[in-house]
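Scroll down for the structure; my scribbles are underneath it.
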Amino acid sequence: MRPRCIMLNTVLFLALAGPRPALSDSPAAAEPAVTPDAIGRWDLEVEDATGVYPSWLEIQMSADGSIGGRFVGRFGAAQPVQDLEAVNGVVRFVVAPLHFEGTVDAEGMRGGAGDGSGDQVRWSAVRAPSLARREPPRWDAPSALISPGGLQGWHARGDGDARCWSADQGVLSAPGPCTDLVTDRTFRDFKLDLEFMLPPGSDSGVHLRGRYEIQLKDDAGNLPEPLTGLTGGVYGFLKPLRVPSGKPDEWQTLHATLVGRTITVVLNGETVIDAQEIPGITGDALDSDEGLPGPIMLQGHLGAVSYRNIVITPAKSKVVQM
């Protein structure tokens with residue numbers, strides 16, 4: 001009779017205990033929730049021993065709840081981040097060789113980063129503005145950005161020396177390598193027209209608002225390559241639909257319309273980017289204050305380049321952001 005008693009006691013215990021919860025219902029097995037404040041695009045300032053420079057971060061959440069991100073540093077194209085975490089108000093990610101860690105809340109992010117060698121940087125971030133416009137712009141009168149006074153209206157980037165640029169009969173030329181050339185005026189929404197000429201193998205670019213680079217490169221006849229190197233593309237972000245590049249040592253035309261984040265680029269009469277959104281600043285940007293007007297910057301530090309007939313048509317309507 002003893003075995004029967006044990007069996008009855010076991011059945012009674014199971015009945016009283018009730019059904020066991022599924023393993024997936026156990027709190028110990030639950031994944032920690034992603035901090036919602038971390039999702040989105042961020043304009044960063046990073047400070048190291050050499051000073052402060054702009055950067056950009058995007059954190060996205062997929063349908064299955066996992067997160068991923070990409071990052072733009074001082075130079076170079078947008079690149080995926082590694083080992084991204086955003087849990088309990090703490091954000092961690094790796095952009096080799098730096099390991100970033102910081103806190104996030106509704107106001108922004110702040111933290112530090114290191115590479116394991118003892119060198120540390122500090123960084124802070126604010127949420128990037130949408131730059132969406134409620135109404136289309138009304139255009140003001142066009143104006144030339146190259147004056148008979150040579151480099152009047154332009155200055156060198158940072159502590160560079162603009163005298164490496166020459167101005168002769170309406171043509172601005174840099175021998176490369178040279179400093180970048182920046183307009184004294186700043187602009188918000190505008191249409192920009194110019195002509196450029198590159199010698200064989202040269203590489204340059206035009207930065208809109210000083211933050212978004214349209215790539216200019218001697219790539220005539222070459223097959224499409226990664227995002228970072230196609231004339232008419234937005235460096236590291238937007239690949240042109242086609243590459244109707246002219247030959248080296250020949251004048252080519254570029255037209256760009258920038259309204260908020262929306263850009264259209266026409267290269268040598270062909271539309272190569274058609275009303276696409278620029279996600280964030282590109283490498284080598286002047287700053288990450290995307291909500292502010294910015295200058296036109298001509299890249300001169302990589303290769304020789306010449307520009308002429310630079311004309312800007314700014315929007316005259318008051319910008320109303322959504």
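FYI, the numbering just counts along the sequence from 1. What you see is a predicted model; the values in this text were computed from it and never measured. Below, all heavy atoms of this structure are taken into account, side chains as well, without hydrogens, waters or symmetry copies.
- Using a 4.5 Å cut-off between side-chain heavy atoms of Ile, Leu, Val, Met, Phe, Trp and Tyr, with links allowed through other members, Met297 and Val234 fall into different hydrophobic clusters.
- Taking all atoms of both residues into account, the shortest heavy-atom contact from Ala167 to Leu172 is CB-CD2, 3.8 Å.
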Worked verdict on Arg209 versus Asp189 for salt bridge (charged side-chain N to carboxylate O under 4.0 Å, His left out): CA-CA 9 Å; Arg209 299 194 197 119; Asp189 295 342; 3.0 Å; yes
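- Formation of a donor-acceptor pair under 3.5 Å by the Trp154 side chain with backbone atoms of Ile146 is not found in this model.
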Evaluation steps, salt bridge (charged side-chain N to carboxylate O under 4.0 Å, His left out), between Asp284 and Arg157: CA-CA 11 Å; Asp284 206 28; Arg157 176 180 186 163; 3.2 Å; yes
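- The aromatic rings of Trp123 and Phe100 sit perpendicular, their planes meeting at an angle over 60°, well past the 30° parallel limit.
- Residue Asp159 qualifies as open at atom CG: its count of foreign heavy atoms under 6.0 Å is 12 or below.
- Looking only at side-chain heavy atoms (C-beta outward), Tyr212 and Arg261 come within less than 4.5 Å of each other.
- Using a distance-only test at 3.5 Å, with no hydrogens or angles considered, no donor-acceptor pair links the side chain of Asp115 to the main chain of Leu98.
- The one candidate from Ile214, Val311, Leu258, Ile310 that meets the side-chain contact (heavy atoms from CB on, under 4.5 Å) condition with Leu192 is Ile310.
- Of the N and O atoms on the side chains of Asp64 and Ser62, at least one donor lies less than 3.5 Å from an acceptor on the other residue.
- The shortest non-hydrogen separation linking Leu292 to Arg211 is O-NH1, 2.8 Å.
- No side-chain donor-acceptor contact under 3.5 Å links Arg122 to the backbone of Arg110.
- Below 30°, between 30° and 60°, or above 60°: for Phe71 and Phe93 the angle between ring planes is between 30° and 60°, a tilted geometry.
- Placement of Trp56 and Val104 in two distinct hydrophobic clusters is found when ILVMFWY residues are connected by side-chain heavy-atom separations under 4.5 Å, directly or transitively.
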